[in-house]
Amino acid sequence: MFPKINPTQTKAWKKLKAHYLTHGSIHMNELFENDTNRFEKFSFEFEDFLFDFSKNIITEKTMELLMELAEECQLSEAISAMFNGENINETEDRAVLHTALRNFSNEPVLVNGENITPLVEHERNRIKAICEEIHSEKWTGFTGKKIKTIVNIGVGGSDLGAAMVTEALQPFWEEDMKPLFISNIDGANLLEALEEIDFEETLFIVASKTFTTQETMTNATTIKELFLEECHEESFIENHFIAITGNKEAANKFGIPDENIFEIWDWVCGRFSLWGSMGISIALTIGYEQFEELLKGANAVDKHFKNEKLEKSIPVIMGMLSIWYINFFNANSEAVLPYYHHLSKFKAYLQQGAMESNGKSTDRNGSPINYQTGVVIWGEVGTNGQHSFHQLLHQGTQFIPCDFIIPINSQNGLQDHQDKLLSNAFAQTEALMKGRTHSKNEIPFKIFEGNKPTNSILVKELTPYNLGSLLAVYEHKIFVQGIIWNIFSFDQWGVELGKELASDKLVAIKKHKQAKAFDGSTNGLLNKVEEWRV
Ligand code: F6P
């Protein structure tokens, strides 16, 4: 169980408030001028990463106070509670153990007294087996053709992680394998994917923890109907459909046999689930060995997070810096800027991870919250973002801390491009910090105030292992913030209301009658559908 401490009532919070008043407006230029060792003090290496947080509005005292806040909110105890399998997702009475999916030691991990390590290993072996069967053509399509296209049908956590990782690891794809993702209930998504699909060579993965999600079940049903129209034989479903779910019965009912069903347990939260069977599309695309590398990279960060002192832990530092800006500088958003073209889906993935987890306004005691929680995550790959929204980062009135994710080596071989990409990334963090002061003939519009905080996360190369580490850092950062904010980060009740309310709107739309049952606006909108639809 988690502590239930209101952070604003802690001693450290009060000290941080006072510290903000005296230090919040110090310019980083001054901090660098006064301390030639600032980079050494506020950066460190972890495996293939260099994490530089020296371009933040912090002093050693700030970090000390932030760590004091973490201690007072019992962050260390909370980290242990998660790794020990306690039911920290209290509102759903569940443990939170995505970390167990990437643990390769034989240590038992107990969930309500049951050791889950053998279950994880068993499922991992099944992932390995399906990869071998498909890649070696032991498992083929109904006409004996090699499976070459993997279509993941899922939404939210059953889509975003796998979609982002497969894209990020494009240089590591197995020859002849292509992943596609159908998530949106908008039929355009399905039709667009269909254009690239040859049913004889395609494996469909129906990915849904609940197997009840409207989007996924509608897309899967339409695909199944189209598939059967093509092959005319129900028994071929087993060559072309597998399921990833915690609801075996529903998957059976859909027509998927037991041996094609991969398990996800209730102690795996959807948005952190790519490390287990939800990652099958990743494993099939990059090969099982590389999938294991991804898991091992994440596991290395888990050990770091579990064992390292708070002040030396990358996810803790990132989480606490974020708290510093959100709660003391009133920052409302954070930009995540990967200087790596294949990380274009990273922001969408992080948006779910961060905003579904920490977009909460009730604390762990069940009381309304009167301080800011959660933050809007947004961003774009460099350098595209530079030519659209960076103007606002530099000279706008919003205060937006940024993370620059910078792989040093690219796999594309175009060194000149890479050198220019890197120089742009470094120039941006420098400009955001330094700004440009008023000189004699300068017009005021050219003045940059600077002092915009950035983290630079350098990585030697974005291998599967290093990507795993990067993702685990962000997962744990989100955890840290949730602990400090005294909220439950692993439920998502806010998504439910929309789902419930959609069902009677659907009935009204399908009835083709005058809508009267809702509020004036909703009735008006529904009636326009009836009037305008062709
Ligand atoms: O959007 C809400 C949500 O419950 C997410 O948390 C989850 O990842 C997604 O729906 C998909 O759920 P399922 O895997 O059950 O289809």
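If you read the sequence from its start, that first residue is 1, and numbering goes on from there. Atoms within each ligand, like the ligands themselves, are counted from 1 in listed order.
- Remark: distances from the non-hydrogen atoms of Lys499 to ligand 1 include one below 4.0 Å.
- Of the protein's heavy atoms, Gly157 N, 2.7 Å lies nearest to atom 8 (O) of ligand 1.
- Here Gln492 has side-chain heavy atoms under 4.0 Å from ligand 1, and that is the only part of it that gets that close.
- A centroid separation of 6.0 Å or more is found between the aromatic rings of Phe199 and Phe236.
- In this model, a donor atom of one side chain and an acceptor atom of the other lie less than 3.5 Å apart for Ser344 and Glu167.
- With His98 as the partner, the ring-ring contact (aromatic ring centres under 6.0 Å, His included) test is satisfied by one option alone out of Trp267, Trp275, Phe479, Phe272: Phe272.
- The closest protein non-hydrogen atom to atom 6 (O) of ligand 1 is Glu356 OE1, 2.8 Å.
- The shortest contact between atom 13 (P) of ligand 1 and any protein heavy atom is with Thr213 OG1, 3.3 Å.
- Within the structure, ligand 1 has Gln352 among the residues with a heavy atom less than 4.0 angstrom away.
- Lys224 forms no cation-pi arrangement with Phe241, by the criterion of a distance under 6.0 Å to the ring centre and an angle within 45° of the ring axis.
- Here His240 and Phe227 bring their ring centres to under 6.0 angstrom of each other.
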### Message
Using side-chain hydrogen bond (donor to acceptor under 3.5 Å, both in side chains), reason through Asn103 and Ser105 one step at a time and then give a plain yes or no.
### Response
CA-CA 6 Å; Asn103 183 355; Ser105 80; 3.0 Å; yes

List the atom pairs, donor and acceptor, that lie under 3.5 Å between side-chain atoms in residues 108-116 and the rest of the protein, sequence neighbours left out.
residue: Asn115; atom: OD1; partner: Val109; partner atom: N; Å: 3.1
residue: Asn115; atom: OD1; partner: Thr117; partner atom: N; Å: 3.1
residue: Asn115; atom: OD1; partner: Thr117; partner atom: OG1; Å: 3.3

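- The aromatic ring centroids of Trp485 and Tyr371 lie 6.0 Å or more from each other.
- Remark: ligand 1 and Glu496 share no N or O pair separated by less than 3.5 Å (distance only, no angle test).
- Scanning the protein for heavy atoms near atom 14 (O) of ligand 1, the closest one is Ser158 OG, 2.6 Å.
- For ligand 1, the polar-atom distance check against Thr216 finds no nitrogen or oxygen pair separated by under 3.5 Å.
- Regarding atom 11 (C) of ligand 1, its nearest protein heavy-atom neighbour is Val155 O, 3.2 Å.
- The distance criterion of under 3.5 Å between nitrogen or oxygen atoms is not met by Val495 with respect to ligand 1.
- The ligand atoms of ligand 1 that sit less than 4.0 angstrom from a heavy atom of Thr210 are 13 (P), 15 (O), 16 (O).
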